[in-house]
Structures are given as C-alpha cells and as structure tokens.
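To start, the structure under review is shown below, and the notes come after it.
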Protein chains: 2
Amino acid sequence: MTLDSETKAVELPEDHAEELRLWLRLLTCTTLIEGEIRTRLRERFDVTLPRFDLMAQLDKAPDGMTLSDVSKRMMVSNGNVTGLVERLVDSGHLDRRTSETDRRVQVIRLTKLGRAEFRKMAAEHETWIADLFSELTPKDVRELMRLLAKTKGSAQNAVQRRQT
Amino acid sequence: MTLDSETKAVELPEDHAEELRLWLRLLTCTTLIEGEIRTRLRERFDVTLPRFDLMAQLDKAPDGMTLSDVSKRMMVSNGNVTGLVERLVDSGHLDRRTSETDRRVQVIRLTKLGRAEFRKMAAEHETWIADLFSELTPKDVRELMRLLAKTKGSAQNAVQRRQT
DNA sequence: TCCAAATGTTTTAAGTCTAAAATGTTTAGG
DNA sequence: CCTAAACATTTTAGACTTAAAACATTTGGA
C-alpha cells in the first residue's frame, strides 16, 4: 500500500487540475458558440438570444406553457421570464392568458406572427450550428453526446448532494 | 450515385438535428455547472462569478494585465470589464494604474487582499469542480478534452469565415 | 510635421439576470 | 369551514452584459 492511498482518508489536497482544465474548455466552447449565435441573430434578424430561446421552447409546445415550465426548461429565474415574456407580448410574438382552472398560473404561447418568425429564424439557426460544428465527424458528435450526457448526470447528482 | 449526393450541390435543406441536439446538450451542461458554481460562490464567499473569473485571470498574471487583455481572455465586451474592475477596485481587491509607456492603457492587478481572498476561494472552487465531474473517469476526461478542443477549433474557424 | 487611421478605454442605452421579498391563489389538515 | 403551508408569479434592487458611440492617445505614412 502506498503512502498516498493511506493518506487519502485525511483529505490531503488532491490534484484536480485536469477537471479544472476540462471545465474551462467546456466554458470556452459554449461562450464562443453562444457569442457567434448571438451576433448572427442580431445581424440577421435583430433579435436577442434569450428571446430566440424562449420562442424555441414555445414552438415545441403548441398548447402553451406556464411561466414556471419555461423557467425550469430554460434554467433561468422566474423573474427573468416575467420580463422576457412581457417584451415579447408587447412585440406581438406571444400571447399570455391566465389559466381558467388556476388563477395563479399564466399560460403563454406563440402567436401566429411569433411562430412564423421563429420558424424562419430556426431554419437558419440550424445551418449556423451545422457550420459551427462542421469539423466534427458523425462519430465525434455521437461520442460528445455520450460524454456530455454523462457529465450532465454527474453534475446533477452533485447539485442534488448539496441541496440535501 | 444516389439522388442525395447529386442534389447536395443545389443546397437542399439538410438535416442537422444531431448537431443541434449536441449544441443544446453542451449548453445545458455549461448552464448547470455555471449555476452551481455561482450559487456556491455566493453562499460560501458572497462573491459573484464574474468577479471570481476576473480575479482568476489576474492571479495568473503577477505583473498585471491591460483591460483589453482581460476582455479578450474572458471573452466579454470592453465596457463590461470597465464596470467589473471599478467595483473590484472599490472593494480593495484590485489595483488600477495607467501605463507609463502608453497613457491609453490601464494596467490592473490583484492587491495583496485580492490575491489572498482569491487563493482561498480557488482552493475550494477546485474541489467543487472535482465534485461536479466526479462520475467521469480519467479516460472520459481525456476524451472530452480532445473532442472539445476539436469543437473549439471548428467553431473558431466558423467565426473566422463569417468575419471574412 | 501633420493628420488620418488605429488602438484602448469609457460612456450610454437597453436588455438580461439573479436572489429575495412581496403578492395573490390554491390546497390540505384539523 | 379555517388557516397554515405550498405554489405561481411579480416586484425590487443590484449586478452583469452587449453594441455602439464617444473620447483619448498613439502610430504610420504622406
């Protein structure tokens, strides 16, 4: 038995430099891609990324979503969604109404205009993503999907542990 | 030769659903981890993530950095850095001075207090990262590093192409 | 030398974001 | 039925963020 394995129990400072480097690289990739998508959305459609993201959620839910649903899906705070929705209602892209069965709940959905504009943006958006990832082989994509799924699970469990 | 390969030249709408799913998963992982780090920094040290990130950059540069350097490294706008630095100077964590050779340039560095506080936070931060990635094997980490490096390169080239 | 272009930073206006407190509504247990 | 807890949303205060314009300084030719 090595000294190392004996001393682990007393929580010697371990080296996690590799994980730290991995995190920074993950963050760099996301920031880089997010910034590029943001720029293209603004230049091509004069729309912000958060608005596009919110419309993307609603496009997948023809019957609408509650603000809480949206907030959980987008992983942003409730208050954030309130303001975002307000601006999109003002611009005619969203419809907001109080649930008939529970007056606490606001149900939002895309208007006809909102859906039409989103579909146009989404089509181009998909080509941008393809462009950004174009140097990855199908195998790279599959392997990244697998490893990121594992990463997501690991992170979710860590969050869970803290919240306990 | 298939119909598909013949028609590619006329830019039929291709399917990039896999890349889109990959992007969303990448974004989810980053958002999840970033949110957890943000929460822990606030609860444990009452500091925001952007401030921590800025101090992390400066910790690696004992001789200080210019605001432009910081802005490029953090991949945020110049104006963003101005405000961030201002608050950290006010709280005594940063020292800012005008370059003696070029009066346009502001050089910032950590104060003794700033460095001491950052080192304490960084030590815990590293254990949080290790915790968040703890279900990944060393091989997973290596493989992710490789694939994310490739992704970064691919994205950088796409940005380059648009800017041309 | 002069001055236009380049460079570094700050300012501005608007939007995004968070955590926490406040408000309104529903639900469940006594 | 009552009411405390739970739930959904909004409000608040402050920080962060961006793009674009403005400002200050330096640099590289003509």
Side-chain angles (χ1 to χ4, degrees), chain A residues 27 30-32 34-55 64-91 93-94 96-108 163, chain B residues 27 30-32 34-55 64-91 93-94 96-108 163:
Chain A
L27 189 56
T30 300
T31 305
L32 187 61
E34 204 172 40
E36 182 65 8
I37 296 298
R38 186 190 311 277
T39 297
R40 296 197 189 191
L41 281 174
R42 179 178 41 76
E43 290 186 347
R44 184 76 177 80
F45 298 111
D46 192 30
V47 74
T48 66
L49 184 52
R51 285 177 208 204
F52 178 82
D53 287 343
L54 175 46
M55 292 170 83
M65 297 174 77
T66 68
L67 295 196
S68 286
D69 287 345
V70 172
S71 162
K72 281 182 199 107
R73 286 293 190 89
M74 294 181 73
M75 296 193 281
V76 299
S77 67
N78 285 336
N80 190 354
V81 174
T82 295
L84 217 37
V85 165
E86 187 179 317
R87 286 182 287 270
L88 280 167
V89 167
D90 287 350
S91 62
H93 294 86
L94 259 56
R96 172 179 42 189
R97 62 185 61 173
T98 303
S99 163
E100 304 199 347
T101 57
D102 185 340
R103 285 188 303 174
R104 289 172 301 182
V105 175
Q106 300 286 311
V107 177
I108 55 174
Q163 285 174 345
Chain B
L27 189 56
T30 300
T31 305
L32 187 61
E34 203 172 40
E36 182 65 9
I37 296 298
R38 186 191 311 279
T39 297
R40 296 195 189 194
L41 281 175
R42 180 178 42 75
E43 290 187 347
R44 184 77 177 80
F45 298 112
D46 193 29
V47 75
T48 66
L49 184 52
R51 285 179 209 205
F52 178 81
D53 287 344
L54 174 46
M55 291 169 83
M65 298 173 77
T66 69
L67 295 196
S68 285
D69 287 345
V70 171
S71 163
K72 280 183 199 107
R73 286 293 189 93
M74 295 181 73
M75 296 193 281
V76 299
S77 66
N78 285 336
N80 190 353
V81 174
T82 296
L84 218 38
V85 165
E86 187 180 317
R87 287 183 287 273
L88 279 167
V89 167
D90 287 350
S91 62
H93 294 87
L94 259 57
R96 171 178 44 188
R97 63 184 63 171
T98 303
S99 163
E100 305 199 346
T101 57
D102 185 340
R103 284 187 306 171
R104 290 172 302 181
V105 174
Q106 298 289 310
V107 177
I108 55 174
Q163 286 174 345

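In what follows, chains carry the letters A, B, and so on, assigned in the order in which the sequence lines appear, proteins first and then strands, with residues in each chain numbered from 1. Below, each value reflects all heavy atoms present in this structure, side chains not excepted, and no hydrogens, waters or symmetry copies.
Distance A:L41 CG to C:dG15 C1': 15 Å, rounded to the nearest Å. Atom CG of A:D90 is separated from atom P of C:dT16 by 12 Å (rounded to the nearest Å). Atom-to-atom, CG of B:N78 to P of D:dA24 comes out at 17 Å; the value is rounded to the nearest Å. We find that CG of A:D69 is positioned 14 Å from P of D:dC7, with the value rounded to whole Å. Protein atom CD of A:E36 is 14 Å distant from nucleotide atom P of D:dT18, rounded to whole Å. Distance CG (A:L88) to P (C:dA14): 18 Å, rounded to an integer number of Å. Counting to the nearest Å, the P atom of C:dC17 and the CZ atom of A:R51 are 11 Å from each other. If you take CD of B:E34 and P of D:dC16, they are 13 Å apart, rounded to a whole angstrom.
Between B:N78 and B:L67, the closest side-chain pair of non-hydrogen atoms is not below 4.5 Å. Two residues are said to be in side-chain contact when any heavy atoms from C-beta on lie closer than 4.5 Å; B:M65 and B:R73 meet this criterion. No side-chain heavy atom of B:T48 sits less than 4.5 Å from a side-chain heavy atom of B:R42. Looking only at side-chain heavy atoms (C-beta outward), B:V76 and B:V81 come within less than 4.5 Å of each other.
Comparing C:dC17, C:dT9, D:dC16 by their nearest atom to the side chain of B:T82 picks out C:dT9. The side chain of A:Q106 lies closest to D:dT9 when the candidates are D:dA15, D:dT9, D:dT18. Distances from the side chain of B:S68 to the nucleotides D:dT9, C:dA19, C:dT9 place C:dT9 closest. Here the side chain of A:R96 is nearest to one of C:dT9, D:dT10, C:dT16, namely D:dT10. When distances run from any side-chain atom of A:T48 to the nucleotides D:dC16, C:dG15, C:dA19, the shortest one goes to C:dG15.
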Determine, for nucleotides 22-27 of chain C in 5'-to-3' order, which nucleotides have protein heavy atoms under 4.0 Å from the base (write B), from only the sugar-phosphate (write S), or from neither (write -). --BBS-
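An OP1 or OP2 oxygen of D:dA20 is reached within less than 4.0 angstrom by a side-chain nitrogen or oxygen of A:R42. At the phosphate of D:dT18, OP1 or OP2 sits under 4.0 Å from a side-chain N or O atom of B:N80. The side chain of A:R87 contributes an N or O atom lying less than 4.0 Å from OP1 or OP2 of C:dT16.
In the displayed structure, B:E43 atom CD is contacted under 6.0 Å by more than 12 heavy atoms of other residues, nucleotides or ligands. More than 12 non-hydrogen atoms from other residues, nucleotides or ligands lie less than 6.0 angstrom from CD of B:Q163.
In this structure, the side chain of A:T31 engages the main chain of A:L27 through a donor-acceptor pair within 3.5 Å. Side chain of A:S91 to backbone of A:L88: a donor-acceptor contact under 3.5 angstrom is found.
Using a 4.0 Å heavy-atom distance criterion, B:M74 is classed as making no nucleic acid contact. Nucleic acid contact for A:L49: none, since no nucleic acid atom lies under 4.0 Å from a heavy atom of the residue. Within the 4.0 angstrom heavy-atom criterion, only backbone atoms of the sugar-phosphate kind lie near B:T66; the bases stay farther away.
Toward the 5′ end of DNA chain D lies the nearest nucleotide of A:V81, the other residue of the pair B:S77 and A:V81 mapping further downstream.
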